[in-house]
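Report on the following structure.
Numbered from 1 within each chain, the chains take letters A, B, ... in sequence-line order. This one's a predicted model, so the numbers in the text were calculated from it and none came from an experiment.
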Amino acid sequence: MNILRELRSRFKTALQEFADDPASFANLVRPSQDAKFGDFQANCAMPLAKKTKTNPRELAAQIVERLDVADLCEEPDIAGPGFINLRLKNDWLQQHVNRLAGDERLGVAPTVAPRTFVVDFSAPNVAKPMHVGHLRSSVIGDSLCRVLSFLGHKVIGDNHIGDWGTQFGMIIFGFKNFLDETAYASDPVGELARLYRLVSQLSDYHATKARLPTMRETLGENQQAVESTEAAADPADKKARKALGKARSELGELKQAIGESEKKIEAVDNDSALKALAESCPDIADRARQETAKLHAGDEENNRLWNDFIPQCLAALQSMYDRLDIHFDESLGESYYNPLLADVVADLKQKGIATESEGAVCVFLEGNAAPFIVQKTDGAFTYATTDLATIKHRVEKFQADVILYVVDARQGEHFKLLFSAANKWGYSDTELRHVSFGTILGNDRRPFKTRSGDTVGLESLIDEAVVRARAIVDENDQTKKDADGNPAPERAEDERAAVAEIVGVGGIKYADLRHNRESDYVFSWDKMLANTGDTATYMQYAYARVCGIFRRGNVDRETVRSSPVAIELASDTERALAVQLSRFSEAIDSVVFDYRPNILTDYLFATANSFSTFFAECPVLKAETDELRTSRLKLCDLTARVLAQGLQLLGIQTTERM
RNA sequence: GCGCCCGUAGCUCAGCUGGAUAGAGCAACGGACUUCUAAUCCGUAGGUCGGAGGUUCGAAUCCUCCCGGGCGUGCCA
């Protein structure tokens, strides 16, 4: 049972005669912001009084008169301008917590209206190893899948892998020209990644070199323009000043871009082997593009190579997902949709939705300046085409009610166009939703750039997290002493390793999930790998402490759970923990409302915090009476289950000892 | 030019549909291990919520303008 929902429904009834739309005012019942105001507060009297031009405190009193919550709450308080403060009755709360303790779903009822969700997330490019940039989509998407299916929805997690784009032309070109056979034999995926980087670097080298003179020329022109504007500028003219400021900052950017370009060129020029390679193929970009075109056109050799590469790349990705405990129900790459694209464009044209413009086939959408290009001048299809084909497929194969795209906010405009194109095309019954997220920034507050190589590889990030966790596990275990004060480590090597892996991986996922998905965040090793404060470790530790109590007391959790002795809330600390535990279902509901896993991380942190206070203040095994001991054991068991379930919904594992 | 987003404590971030004295974590400072795991707990200090107006009984939240920053913007995905 969701107490908040129950209270809202009680308020809805009470508000019937005061408002036309009692439900919207009933929604103003919230968890209290401060425990001193009780457990819940209703903020509906003030806006309602404004509407009806009455005194808010008097109206609050009238609402309270109509309100039937006597079974759940103490007599409501009216405070301040007209807040109605509600405090759950201890008796009722006790009963409620006892019900929760016996409930496998911990108070989270399955949805009454199950829907079919396709969740599009992760979507890495097989040509490149995964880096921190892939973390957000993977971790948020996986968590949303878990939460939605826990609520009883049908969920298809779909990894829309990039396996067909221009990067493959580069790999194929590299494979044909620069292959290191020994390296390929021992680490094929590593060698393919090297080839990709190499070809990409060389094409970039030529492109940059070609572009540089124009850039310098522009720089000179702009500099002159700025100088002459400066001389003529009227300091009182705000607009002119602003324009000048902008021109200056653009000049700075251009200078920086030139600097970066020079560096790129130098990097190749200073390496004689690279330089020789670069000189041997000045038209590398074109030739790589041709390989892509040949692949797409069905060229036998390129398709054979592609078929050789893909399984190995996929296997490498899979081992990453295994380690992260991330799962998909479907994994159809762009290549899967390739054969369907021509029909998509033909259909769009035939229905008059797409038209030719400047040689490309476009869908023009009202209110959008940019067209949605489904076929380029050279005949090639774009990811816009693929995305449309994918929607068609998902609706036809899964009868999707909702498709969630867990994708970078920078692609917002693409999705806006995609959704309205799909709508026009006839897929208006399916809810399409861009669950966008912010960018991971470097220390300079600029997005990590794949090209410049300053991104952090996901594998090395996880390795480092595990190493740090392992150091603490070792230290803790080695300082353990027996009754005589002699060192007495308890853990075997494999157990220590397993704990370190769970703590390390969990920490990284949590560090990402705890941010509001919309905001950008600054990446920092230390924050990612922290294990004090608001971290996964904190929750895992609370869980392990519960397990420790049961272990130390030699108590079986199932047995306690079925004991007839009830939980009694003997202190404020226990009451606070009970209230917190009873809010689990509210937290889950809020996560789904706007697809925000950080609400769940907040909730779990608060829960673990409540428990840690309880742990410090309330002896369990040495409680004053047997009844209290059992009561507290039950509370511990419930806490552990909520924590484990909550973490599981975030994709984070727990361990019985740490 | 147009569009989207951001600016909250020294640092990193929460703040739900407008609610009471704006909250966490880290860092700092002070306390707590002969007692169930101190990866912990309790406490102190730290704010002109970028600025100015406006709407409102009430604004970090909504509106307008300004300042500062990011991202995207016809053929990459």
Quiz prompt | Base of G19(B) and ring of Phe83(A) stacked, centres under 5.5 Å, planes under 30° | solution = no
Exercise. Give the nucleotide from the list G70(B), A20(B), U73(B) with an atom nearest to the side chain of Phe37(A).
Key: A20(B)
Quiz item: Between Asn609(A) and C41(B), does any side-chain N or O lie under 4.0 Å from OP1 or OP2?
Solution: yes
Quiz item: What residues in residues 508-515 of chain A put a non-hydrogen atom under 4.0 Å from any atom of RNA chain B?
Solution: His515(A)
Self-check item: Nearest-nucleotide pick for Lys50(A), side chain only, options being C57(B), C36(B), C41(B)
Solution: C57(B)
Quiz prompt | Selected nucleotide, minimal atom distance to Phe364(A) side chain, candidates A14(B), G74(B), C36(B) | solution = G74(B)
Practice problem: Flag this pair as yes if the NZ/CZ of Arg583(A) is under 6.0 angstrom from the six-membered ring centre of Phe40(A) and inside a 45 degree cone about the axis; otherwise no. | Solution: yes
Practice problem: Provide the closest heavy-atom pair for Pro81(A) versus Pro56(A) in the form atom of the first, atom of the second, distance. | Solution: O-CB, 3.3 Å
Quiz item: Are OP1 or OP2 of C36(B) and a side-chain N or O of Arg551(A) less than 4.0 angstrom apart?
Solution: no
Quiz item: Quick one: is Tyr541(A) getting a side-chain N or O under 4.0 Å of the A39(B) phosphate, OP1 or OP2?
Solution: yes
Practice problem: Tell me whether the OP1 or OP2 atom of A39(B) has a side-chain N or O from Asn476(A) closer than 4.0 Å. | Solution: yes
Practice problem: Let me know, please, whether Arg30(A) or Asn531(A) comes out on the 5' side of the other along RNA chain B by nearest nucleotide. | Solution: Arg30(A)
